[in-house]
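The structure appears right after this line, and notes come after that.
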Amino acid sequence: MISVIVPCYNEQESLPLLYQEVTRVLTGIGKPYELLFVNDGSTDETLPILRRLAAEDGAVRYLSFSRNFGKESAMYAGFRHAQGDYVAVMDADLQHPPALLPRMLELLEGGEYDSVAARRVDRAGEPPIRSFFARMFYRLLNRISDVELVDGAMDYRLMRREMVEAIVSMGEYNRFSKGIFGWVGFRTCWLECENAERAAGRTKWSFWKLFKYAIDGIINFSGAPLAIASWGGILMTFLAFFLLVFIVVRKLAFGDPVAGWASTVCIVIFIGGIQLFCLGIMGQYIARTYMETKRRPHYIIAETEQTRRDRG
Ligand code: UDP
Ligand code: MG
């Protein structure tokens with residue numbers, strides 16, 4: 001069986017389009033399938049639409065969260081509840097063409113790969129500065145962490161059961177899927193894919209949200225920022241030592257008229273700034289450790305097609 005997981009957050013316009021398209025493609029494949037929608041606390045008509053689809057079509061299932069938990073949690077819930085031997089995850093906005101599914105399935109069934117993922121060939125239609133930061137991010141994270149991230153990788157892939165189990169077994173609270181997909185390993189085949197426009201609605205990712213997501217990625221998969229703090233500290237200590245020697249020698253040689261308080265203040269502020277910055281880095285790691293130790297659930301399900309049926 002094939003499971004297709006679709007996280008949805010306020011996708012009332014695209015959902016009917018997506019449902020039609022995916023159903024057409026999956027019936028074309030001719031294997032049993034389930035369409036698992038995860039409603040991530042939408043405030044529009046998404047949930048009623050899902051209820052209707054599930055009532056009309058036995059292949060449609062849905063999980064509805066009690067509030068917005070974020071796309072990462074929605075994907076995680078989908079992975080935990082999917083029952084297929086092959087599991088796909090795709091966006092609700094048709095930016096991930098369902099027409100690619102048969103090709104992905106074919107590649108998996110060839111037995112050579114455990115997962116097939118899509119990556120975009122270019123970043124056309126994206127603001128240039130966003131592309132710039134995205135490139136920088138991939139370069140940086142690939143250098144400082146031991147996971148391999150592929151630039152332009154989309155969260156659109158089809159995986160074997162084994163890989164899904166591996167992903168589910170990574171129960172961390174702060175999830176960064178692109179890193180998790182890379183970390184679990186397995187043989188992945190990359191399919192090139194055009195960058196498509198959203199079918200309807202608008203993106204939920206502002207630049208600021210993406211920026212925070214990138215920081216998450218770095219902190220979750222690398223300890224390098226902590227090393228920056230300690231190396232910076234060592235460097236400053238050496239620098240201070242040499243300056244001290246310089247000043248003592250100058251005092252002995254030339255005497256010392258009182259001067260230079262302005263530069264002293266600058267240096268004090270500079271060092272204070274660096275110290276705060278390094279404390280902040282540590283704080284980021286500690287805050288995440290704190291969240292992990294609480295072991296809160298990743299999401300809370302308020303309703304599924306099952307509970308709704310049982311209630312009548
Ligand atoms: N999404 C979600 N929860 C969120 C934000 C987004 O489940 O808090 C879903 C959204 O419905 C869509 C997918 O994640 O199916 C990708 O979102 P979007 O298209 O806004 O991101 P983009 O394609 O612009 O990166
Ligand atoms: Mg999108």
Side-chain angles (χ1 to χ4, degrees), residues 3-22 35-50 53 60-82 88-98 100-101 117-127 129-131 133-135 137-138 149-157 173-178 180-181 193-214 216-217 298-304:
S3 302
V4 178
I5 300 168
V6 185
C8 315
Y9 178 51
N10 293 345
E11 300 283 3
Q12 56 181 12
E13 291 96 0
S14 8
L15 266 186
L17 303 171
L18 176 93
Y19 168 72
Q20 267 184 5
E21 181 66 10
V22 174
L35 244 171
L36 179 54
F37 292 98
V38 184
N39 171 32
D40 185 12
S42 301
T43 50
D44 65 356
E45 292 300 299
T46 299
L47 182 56
I49 293 175
L50 291 180
L53 289 177
V60 174
R61 295 172 58 205
Y62 68 86
L63 310 168
S64 185
F65 288 178
S66 58
R67 65 170 170 86
N68 179 254
F69 280 88
K71 187 188 175 189
E72 289 292 339
S73 303
M75 289 202 291
Y76 187 58
F79 289 141
R80 280 173 71 161
H81 287 84
V89 55
M90 71 166 70
D91 281 3
D93 55 9
L94 284 169
Q95 278 182 316
H96 298 164
L100 222 57
L101 280 173
R119 67 180 280 239
R120 32 188 182 181
V121 271
D122 55 21
R123 292 181 169 271
E126 198 184 53
I129 93 157
R130 179 175 293 192
S131 304
F133 277 104
R135 281 220 186 82
F137 167 71
Y138 281 107
L149 286 198
V150 174
D151 189 1
M154 307 198 280
D155 289 342
Y156 179 25
R157 47 171 84 216
Y173 186 79
N174 295 289
R175 298 185 76 77
F176 181 70
S177 280
K178 290 178 201 302
I180 292 176
F181 289 142
C193 180
E194 294 288 325
N195 205 7
E197 292 281 317
R198 243 177 177 281
R202 26 195 292 260
T203 177
K204 279 95 202 169
W205 293 88
S206 62
F207 184 81
W208 183 234
K209 247 177 132 179
L210 276 176
F211 183 75
K212 286 206 293 204
Y213 188 58
D216 261 344
H298 296 74
Y299 53 83
I300 293 166
I301 294 178
E303 177 185 320
T304 70

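Residues: numbered from 1 along the sequence shown. Whatever order the structure lists ligands and atoms in, that order sets their numbers, starting from 1.
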Problem - Option from L63, I5, V38, T304 for which side-chain contact (heavy atoms from CB on, under 4.5 Å) with H81 holds - result: L63
Problem - Closest protein heavy atom to atom 18 (P) of ligand 1, given as residue, atom name and distance to 0.1 Å - result: R198 NH2, 3.4 Å
Practice task
Hey, can you tell me if F207 and F133 have their rings parallel, tilted or perpendicular (30° and 60° cut-offs)?
Solution key: perpendicular
Practice task
May I ask you to decide if the ring planes of Y299 and F65 are parallel, tilted or perpendicular, using 30° and 60° as cut-offs?
Solution key: parallel
Fill in the blank from the handout: Taking only non-hydrogen atoms of W205 and a 4.0 Å limit, the atoms of ligand 1 in range are 17 (O), 18 (P), 20 (O), 21 (O), 22 (P), 25 (O)
Practice task
From the options L210, D40, L18, select the one whose nearest heavy atom is closest to atom 4 (C) of ligand 1.
Solution key: D40
Problem - Minimum-distance atom from the Mg ion (ligand 2) among N, O or S atoms of D93 - result: OD2
Exercise for the section: Compute whether any side-chain donor of one residue and acceptor of the other, for E11 and T46, lie under 3.5 angstrom apart. Expected result: no
Problem - Side chains of Q95 and Y156, donor plus acceptor under 3.5 Å - result: no
Exercise for the section: Could you find the nearest protein heavy atom to atom 12 (C) of ligand 1 and give me its residue, atom name and distance? Expected result: E11 OE2, 3.3 Å
Completion exercise
Atoms of ligand 1 under 4.0 Å from any heavy atom of D91, numbered from 1 in the order shown, are 13 (C), 15 (O), 16 (C), 23 (O)
Practice task
For P7, take its heavy atoms, then give the atoms of ligand 1 lying under 4.0 Å from any of them.
Solution key: 7 (O), 9 (C), 10 (C), 11 (O), 12 (C), 15 (O)
Exercise for the section: Using a 4.0 Å heavy-atom threshold (strictly under), name the region of C8 that reaches ligand 1: side chain, backbone, both or neither. Expected result: backbone
Handout entry: Salt-bridge criterion met for D91 and K71 (N-O under 4.0 Å)
Key = yes
Handout entry: Parallel, tilted or perpendicular: ring planes of F181 versus F79, cut at 30 and 60 degrees
Key = perpendicular
Problem - Close-contact set for ligand 1 against Q95 heavy atoms, below 4.0 Å - result: 19 (O), 22 (P), 23 (O)
Exercise for the section: Give the residue, atom name and distance (to 0.1 Å) of the protein heavy atom nearest atom 1 (N) of ligand 1. Expected result: Y9 CB, 3.8 Å
Practice task
Can you pull out the closest protein heavy atom to atom 24 (O) of ligand 1? Residue, atom name and distance to 0.1 Å, please.
Solution key: T203 OG1, 2.6 Å
Exercise for the section: May I ask you to establish whether R67 and F69 are in a cation-pi arrangement, using a distance under 6.0 Å from NZ or CZ to the six-membered ring centre and at most 45° from the ring axis? Expected result: yes
Practice task
Provide the number and element of each atom of ligand 1 under 4.0 Å from a heavy atom of D93.
Solution key: 19 (O), 23 (O)
Fill in the blank from the handout: If we number the atoms of ligand 1 from 1 as shown, the ones under 4.0 Å from a heavy atom of G70 are 3 (N), 8 (O)
Completion exercise
Contact region, N68 to ligand 1, non-hydrogen atoms below 4.0 Å, reads side chain
Handout entry: Side-chain ion pair, D155 and K178, N-O less than 4.0 Å
Key = yes
Practice task
Write out the residue and atom name of the closest protein heavy atom to atom 20 (O) of ligand 1, then the distance separating them to 0.1 Å.
Solution key: K204 N, 2.8 Å
Problem - For atom 14 (O) of ligand 1, closest protein heavy-atom neighbour - result: K71 CD, 3.2 Å
Exercise for the section: For N68 and D40, indicate whether the former's side chain and the latter's backbone hold a donor-acceptor pair under 3.5 Å. Expected result: yes
